[in-house]
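Accompanying notes for the structure given below.
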Amino acid sequence: MHPKEGPSTRCVHYGRAVDPRTHAMNIPIYENAAFAYEDLGTWKEVALGRKAGDIYSRNSNPTVRAFNEKMAALEGAEAATDFSTGMAAINSTLFALLNPGQRAVTIKDAYGASYLHFKEILPRFGVLCEICETDDEESILAAIGRGCDLLYLESPTNPLLRVVDLEKLFAAAHRVGAVTVTDNTFATPINQHPLALESDLVIHSATKFIGGHNDLTAGVVCGKADLVKRIYRYRELTGPSLDPHRASLLLRSLKTLAIRVERQNTNALAVARFLQSQPNVLRVNYPGLETHTRHAVARKQMPGGYGGVLSFEVEGGLEAVAAILPRLRYAYLAANLGQVDTVVGPPSTTSHVECTEEERRAAGIPEGLIRYSAGIEDTEDLIDDLKSALSAH
Ligand SMILES: *Cc1c(COP(=O)(O)O)cnc(C)c1O
């Protein structure tokens, strides 16, 4: 995707939703379960999809449709469909597209609940799942080579900010006829465009950067119209749709997505560089640092910036983490990310809460790790805050 407009102009003007009936500049919140018709003929035409309109809000709703259209425009997609959470979007995509006996390939560092779909849920339905080491490109390519119906990737990952070469792996998957899917939650449509990197579908937990104000949960899938139609069909039958009130909040959030993400990119990079200079910080994980093992890949596939999330390891393990985090004045200790507020937490209470200490160690996650999601606060305040919290330690 090479849009001629800049990211903020796209966020404000793409997928504009003036209400066709009232000309209200923002589409109203259509709080309706059902839509009434004056005659059976029109009702039936709409129900059969031959005429534009809505029947019942589990299936479609004008406010929610405006959100889908704006998301499709921002991802450069043919179509998009909404969900009540990010996990509903991921579950529906996998169940709509995979059949028993088919093969799915993914990476160990996929978001926890997504990883458990491949490990626990899909195998129960006869889907053969290969979960590869995220940093071992050769093993991912080999798994694809053994046969692949769906390749599911995430980059950067949670909480170690690992980066995979999306275009290279998706091209290999397309050569064997697979459908390719990206969870683009960490990168956002501002920083990375997987649809231009051979991804057929892009998923977001809109709870994170897209919503951005810690006031809702939501999900969305964008991509090729025929695939989105199959996912919509599954969602229509199973029911995890988005409600119009949250769709309206999301439409409001999307207008400031670019300015929020640009500030979060700047803050995260500055914080990462600052942490690198701290004696009691053992390691900093951020794709924007030249020291990141896949910095060159990140630079190529994240033209908008490296995202608002980083992680770092402090000396002294969990005890040190427990002492440092409450000293931060400008950060919430919470299991969320991508918000206007800075949010911090260790993997043992966020991304890897269900794992034992041994399992976390096996996954390469040290007990002294802190995930830091930069908000839109002033950069110097965040750095001063970290400086005093770390030096008291
Ligand atoms: C939060 C998150 C999800 C799940 O989204 P929910 O809205 O919490 O269901 C999926 N993928 C990533 C990368 C996430 O950060």
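Order of listing sets the numbers, starting from 1, for every ligand and every atom in it. Start at 1 with the first residue, then count along the sequence.
Residues Glu377 and Thr342 form a side-chain contact, since some pair of their non-hydrogen atoms from C-beta on lies under 4.5 Å apart. Using a 4.5 Å heavy-atom threshold, the side chains of Tyr286 and Leu269 count as touching.
Of the protein's heavy atoms, Ser205 OG, 2.9 Å lies nearest to atom 5 (O) of ligand 1. In terms of protein heavy atoms, atom 4 (C) of ligand 1 is closest to Tyr111 CE2, 3.5 Å. Protein heavy atom nearest atom 11 (N) of ligand 1, with residue, atom name and distance: Asp183 OD2, 2.6 Å. Nearest protein heavy-atom neighbour of atom 9 (O) of ligand 1: Met87 N, 2.8 Å. Scanning the protein heavy atoms around atom 14 (C) of ligand 1, the nearest turns out to be Lys208 NZ, 3.0 Å.
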For this session: Test side chain to side chain donor-acceptor pair (under 3.5 Å) on Thr185 and Asp183 and set out the steps.
Result: CA-CA 6 Å; Thr185 301; Asp183 179 338; 2.6 Å; yes
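In this structure, His295 has its ring center closer than 6.0 angstrom to the ring center of Tyr306. In this structure, Tyr30 has its ring center at least 6.0 angstrom away from the ring center of Phe35.
Contacts between Thr207 and ligand 1, counted as non-hydrogen atom pairs separated by less than 4.0 Å, involve the side chain only.
For the pair Gly86 and ligand 1, the shortest N or O to N or O distance falls below 3.5 Å.
The contact set between ligand 1 and Ile90, taken as ligand atoms under 4.0 Å from a residue heavy atom, comprises 10 (C). Near Glu154, the atoms of ligand 1 lying under 4.0 angstrom from a non-hydrogen atom of the residue are 13 (C).
The heavy-atom pair separating Asn99 from Val127 by the smallest distance is O-CG2, 3.8 Å. The shortest non-hydrogen separation linking Leu201 to Gly223 is CD2-CA, 4.0 Å.
Taking 4.0 Å as the cut-off, Asn158 does not count as a neighbour of ligand 1 on heavy-atom distance. Residue Asn336 places every heavy atom at 4.0 Å or more from ligand 1.
The environment of NZ in Lys300 is crowded: more than 12 heavy-atom neighbours from other residues, nucleotides or ligands sit within 6.0 Å.
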